[in-house]
Amino acid sequence: TAWICTVVVMIDHIRGKLASKSQTYIRVEVHGIGYGIHIPLSTYHGLASVEGEVQLHTYLYVREDCLQLYGFKTTEEKELFQMLISVTGIGPRVALGVLSGLSVKEFREAVASENLRRLTAIAGIGKKTAQRLIVELKEKVGLALVTEEVEKMAKAPEEMRLINDAISALVSLGCRPSEATKAVKEAQVASRGKIDLEELIKQALNRL
């Protein structure tokens, strides 16, 4: 068990020669060792040609009867994969199906808006599973979307902290993250960035 835990920590990314590839599985050769890696379609489309160099973020899925390595083009894809397999009844195969069917942003938006039609269009996702994804991930996904919006809105670290604090204040008052973000964004734009925290919260509340 101790050995397995060490391996999990160590295989965080991989770089080497792409020995072979298919839409769901590749082999990467590193110093004479071939690593078999399961991938989503989103990662496949960004791969180099065979014999070219490839670098992926990886996750080692550990079970009592097997070790399986999964690879991703971006850290966002890897993080979403890990988030998905934390949901009851969602395994790696279904998680890869999600990443193959929707981009990370599209999935976040579908969960945040409770879009069952879009989620059930993914292979392996039925209505009950889609509902479970919404229940278990909506808050986490909402926070990720808020972070994206803040990064787009802010032009400096100080401004980012101001916006984050204002959104947090509205959320603590019972606002949904998406509503709080929209209100703060509108207030910030209207003020042209010349506003303190108290006034920003006040102006944002007036827009709810």
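Everything numeric in this text was worked out from a predicted model, so none of it was measured.
Considering only heavy atoms from C-beta on, Leu60 comes within 4.5 Å of Val62 through its side chain. With contacts defined as side-chain heavy-atom distances shorter than 4.5 Å, the pair Arg108/Val104 qualifies. Leu137 is listed as a side-chain neighbour of Met83, based on a closest heavy-atom distance under 4.5 Å. Using a 4.5 Å heavy-atom threshold, the side chains of Asp12 and Lys78 count as touching. Inter-residue side-chain proximity for Ile90 and Val98 is flagged as unmet; no heavy-atom pair is nearer than 4.5 Å.
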**OP:** With side chain to side chain contact (heavy atoms under 4.5 Å, CB included) as the test, would you mind laying out the steps for Ile26 and Ser20 before giving the verdict?
**Re:** CA-CA 6 Å; Ile26 64 173; Ser20 66; 5.9 Å; no
Subject >> Step-by-step side chain to side chain contact (heavy atoms under 4.5 Å, CB included) determination, Ile134 to Leu119 >> reply: CA-CA 10 Å; Ile134 290 169; Leu119 292 172; 3.9 Å; yes
Subject >> Criterion side chain to side chain contact (heavy atoms under 4.5 Å, CB included) on Leu208 and Asn206, from CA distance to verdict >> reply: CA-CA 6 Å; Leu208 292 172; Asn206 289 336; over 6 Å; no
Subject >> Trace of the side chain to side chain contact (heavy atoms under 4.5 Å, CB included) decision for Thr24 with Leu96 >> reply: CA-CA 9 Å; Thr24 58; Leu96 286 186; over 6 Å; no
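Taking the side-chain contact (heavy atoms from CB on, under 4.5 Å) definition, one finds that Val50 meets it with Lys21, sequence neighbours left out. Partners of Asp165 by side-chain contact (heavy atoms from CB on, under 4.5 Å), not counting sequence neighbours, listed by chain and number: Leu197. Listed by chain and number, the residues in a side-chain contact (heavy atoms from CB on, under 4.5 Å) with Arg117 are Asn115 (sequence neighbours excluded).
Contact between Gln23 and Leu41 at its shortest, heavy atoms only, is CB-CD2, 3.7 Å. For Ala180 against Val171, the heavy-atom pair with the smallest separation is CB-CG2, 4.1 Å. Across every non-hydrogen atom of Gln203 and Glu199, the tightest pair is NE2-OE2, 2.6 Å. Closest approach of Ile85 and Ala95 over heavy atoms only: CG2-CB, 3.9 Å. Residues Ala204 and Ala187 approach most closely at N-CB, 3.9 Å, considering heavy atoms. Residues Ala166 and Val184 come closest through the heavy atom pair CB-CG2, 4.0 Å.
Distance check, rounded to the nearest 0.5 Å: CG of Leu200 to CG of Leu205 gives 9.5 Å. Here the OG-CD1 distance, from Ser168 to Ile163, works out to 11.5 Å after rounding to the nearest 0.5 Å. Atom OH of Tyr70 is separated from atom CD of Gln68 by 3.5 Å, given to the nearest 0.5 angstrom. Interatomic distance, Ile167 CD1 to Lys182 NZ, rounded to the nearest 0.5 Å: 13.0 Å. Distance CZ/Phe81 to NE2/His38: 9.5 Å, rounded to 0.5 Å. The structure places CD1 of Ile122 at 9.5 Å from OG of Ser100, a figure rounded to the nearest 0.5 Å.
Linking Ile, Leu, Val, Met, Phe, Trp and Tyr residues whenever their side-chain heavy atoms come within less than 4.5 Å leaves Val94 and Val135 in two separate clusters. Under the 4.5 Å side-chain heavy-atom criterion for ILVMFWY residues, no single connected hydrophobic cluster contains both Tyr59 and Tyr25.
Within 6.0 Å of CZ in Arg93 there are 12 or fewer heavy atoms belonging to other residues, nucleotides or ligands.
With Arg132 contributing its side chain and Thr88 its backbone, the two residues share a donor-acceptor pair below 3.5 Å. Side-chain N or O atoms of Thr120 include one that pairs as donor or acceptor with a backbone N or O of Leu116 at under 3.5 Å.
The existence of a salt bridge linking Glu77 and Lys73 is excluded, since no basic side-chain nitrogen approaches an acidic carboxylate oxygen closer than 4.0 Å. Using a cutoff of 4.0 Å between basic side-chain nitrogens and carboxylate oxygens, Arg118 and Glu106 are scored as salt-bridged. A salt bridge is defined here as a Lys NZ or Arg NE, NH1 or NH2 lying under 4.0 Å from an Asp or Glu carboxylate O, and Lys202 with Asp196 fails to meet this definition. Here Glu53 does not pair with Lys17 in a salt bridge; the nearest charged N to carboxylate O distance is not below 4.0 Å.
Checked options Thr58, Leu99, Leu56; the residue passing with Phe72 is Leu99 (criterion: side chain to side chain contact (heavy atoms under 4.5 Å, CB included)).
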